[in-house]
Novice: 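One structure is given below, represented as structure tokens, and several questions about it will come after.
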Amino acid sequence: MLNKLRYPIIQAPMAGGISPVSLAKAISSSGGLGFLAAGYKTVEALEHEILEMQQGNDLFGVNLFVPQTDAVNEKELHAFMTVLQQDVGRELGKPMYSDDEWEGKLALVKKYKVPVASFTFGCPDKVLIEQLQVIGTYVIVTVTTVQEAKLAVSQGANAICLQGYEAGGHQASFENIDIENPLPLVALLRKVKEVVHIPIIVAGGIMNGEQIKQLLAEGADAVQLGTAFICCDESGANEVYRQALQSGEFASTKLTRAFTGRLARGLENAFVKNYSPVAPKAYPALHYVTQPIRKKAIAEKNAQVMSLWAGIGYQQIRPLPAKELFQLLVEEAGLE
Ligand SMILES: Cc1cc2nc3c(=O)[nH]c(=O)nc-3n(C[C@H](O)[C@H](O)[C@H](O)COP(=O)(O)O)c2cc1C
């Protein structure tokens, strides 16, 4: 499938409404691969997006969250909720478990024979991967380590998306683990290439064509960019988020569990600073606990409390129409 793309540039799926159909269409119709993010959406909303996306686009992807099996430490979660409650009052949500409507969303991928499916937070088993491949779906498993890459290969994935610690949003690791001694993306790619012989898509901190050229020269088969597209006209990011990314108000990003209980990289605002040291490993329970806080922050346009997911390269964001940015990336990378 990757060799059917005119350019090996993929728009990262970005849950939370950041990568709507308009963005995915702009990228797919420019000769890259546009992605729909199924995460946190209802099955009905995803079906609507797939139907819209199918019109006029042969190639696009749908990204799914693999249900979590990590145990939540209830004691730590409740201790953290007590701390939060003291600060924000009654605004906490219920600590729920959800499989993000896994079966319903998978059924849609099968029903509409979606051309590309990528998986995050785990590796689907061989049987499921084969079922998808039989109907013509190209299966990508997102991985963060050599070990996870090997597992994805053993289960029959068509390709891996190798995500570096530089990436914006959640780390896709199969388990809710800490990251110790992270390797820069290029070094991680070199290590993975020693043992993996299926196509490798790389993601994390990629903002310009020069980086794309370097990663392709290192043997990546394609690149996946998220943060670079957040301020495009077609993105679903709200104004406060766009402003926070571009204003210089936030000087750095940080990997934090403060919002969801799973490591994710975002701008280091007050919420991240205050709660990262004490946030428990409790995904997706903590996602639901902080949901009302995050919603209120959006309504109040309070960037200090919103989850402002961003990769380390956010200062290089170019707020352009997606097609224009895509064309610039192609030219800078010498892909034309
Ligand atoms: C706002 C945001 C939301 C994201 N949501 C998802 C998602 O739903 N599924 C997924 O696999 N990756 C998600 N990611 C991670 C991207 O797939 C990708 O790994 C990351 O954007 C690459 O790093 P970059 O942002 O520095 O380009 C998200 C990233 C961001 C910034």
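Order of appearance sets the numbers: ligands from 1, and atoms from 1 within every ligand.
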Novice: Identify the protein heavy atom lying closest to atom 11 (O) of ligand 1, giving its residue, its atom name and the separation to 0.1 Å.
Specialist: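 Atom 11 (O) of ligand 1 sits closest to the protein heavy atom T120 OG1, 2.6 Å.
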Novice: Would you check the N or O atoms of I206, main chain and side chain alike, for any that come under 3.5 Å of an N or O of ligand 1?
Specialist: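 There is no such contact.
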Novice: For the pair R318 and E332, find out whether any cationic side-chain nitrogen is under 4.0 Å from an anionic carboxylate oxygen.
Specialist: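 Salt bridge between R318 and E332, a charged N being under 4.0 Å from a carboxylate O: yes.
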Novice: Kindly confirm or rule out an N or O of W309 lying under 3.5 angstrom from an N or O of ligand 1.
Specialist: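 Between W309 and ligand 1 (N or O atoms, distance only) the closest approach is not under 3.5 Å.
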Novice: Determine, using heavy atoms of A172 and all atoms of ligand 1, whether some pair is separated by less than 4.0 Å.
Specialist: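 No heavy atom of A172 comes that close to ligand 1.
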Novice: Between E218 and R190 (salt bridge meaning N to carboxylate O under 4.0 Å), is one present in this structure?
Specialist: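 Answer for the salt bridge query: yes.
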Novice: Before signing off on this row, confirm whether N63 and ligand 1 have an N or O atom pair separated by under 3.5 Å.
Specialist: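 Yes, N63 has an N/O under 3.5 Å of an N/O on ligand 1.
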Novice: I'd like to know if G313 contacts ligand 1, where contact means a heavy-atom distance under 4.0 Å to any ligand atom.
Specialist: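 Heavy atoms of G313 never come under 4.0 Å of ligand 1.
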Novice: Tell me whether A37 has any N or O atom under 3.5 angstrom from an N or O of ligand 1.
Specialist: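 No, A37 has no N/O under 3.5 Å of an N/O on ligand 1.
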Novice: Quick check: G205 and ligand 1, any N/O pair under 3.5 Å apart?
Specialist: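 Yes.
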Novice: Could a heavy atom of G169 be found less than 4.0 Å from some atom of ligand 1?
Specialist: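 Per 4.0 Å heavy-atom rule, G169 contacts ligand 1.
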Novice: With a heavy-atom distance limit of 4.0 Å, tell me whether F229 approaches ligand 1 through its side chain, its backbone, both, or neither.
Specialist: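 Looking at F229 and ligand 1, no heavy atom falls under 4.0 Å.
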Novice: Does a donor on one side chain and an acceptor on the other come within less than 3.5 Å for S307 and R294?
Specialist: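 Per modelled atom types, S307 and R294 side chains form no pair under 3.5 Å.
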Novice: Does a donor on one side chain sit under 3.5 Å from an acceptor on the other, for T144 and E148?
Specialist: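 Yes, side-chain donor-acceptor contact under 3.5 Å.
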Novice: With heavy atoms of F65 as the reference, note each atom of ligand 1 found under 4.0 Å away.
Specialist: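 Numbered from 1, ligand 1 contributes 7 (C), 8 (O), 9 (N).
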Novice: Could E300 and K296 be called an ion pair, given the rule that one side-chain N must be under 4.0 Å from one carboxylate O?
Specialist: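 Yes.
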Novice: What do you reckon, are the aromatic ring centroids of Y40 and F65 less than 6.0 Å apart?
Specialist: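 Yes, the ring centres sit under 6.0 Å apart.
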Novice: Hey, looking at atom 19 (O) of ligand 1, which of M14, Q163, H170 has the closest heavy atom?
Specialist: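 Considering heavy atoms of M14, Q163, H170, the nearest to atom 19 (O) of ligand 1 sits in Q163.
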Novice: Report, in ascending order of atom number, the atoms of ligand 1 lying under 4.0 Å from any heavy atom of Q224.
Specialist: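 The list of qualifying atoms is 17 (O).
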Novice: Between D233 and R242, is there a side-chain N and carboxylate O pair less than 4.0 Å apart?
Specialist: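 Looking at R242 together with D233, the answer is no, because their closest N to O distance does not fall below 4.0 Å.
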Novice: Tell me whether G168 has any N or O atom under 3.5 angstrom from an N or O of ligand 1.
Specialist: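 There is such a contact, yes.
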Novice: Tell me the closest heavy-atom pair linking G164 and L188, and the distance in Å.
Specialist: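 Closest pair (atom of G164, atom of L188, distance): CA-CD2, 4.3 Å.
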Novice: Would F250 and Y314 count as a ring pair (Phe, Tyr, Trp, His ring centres under 6.0 Å) if you check the C-alpha gap in whole Å, the side-chain angles of each, and the deciding distance to 0.1 Å?
Specialist: CA-CA 10 Å; F250 298 100; Y314 74 98; 8.6 Å; no
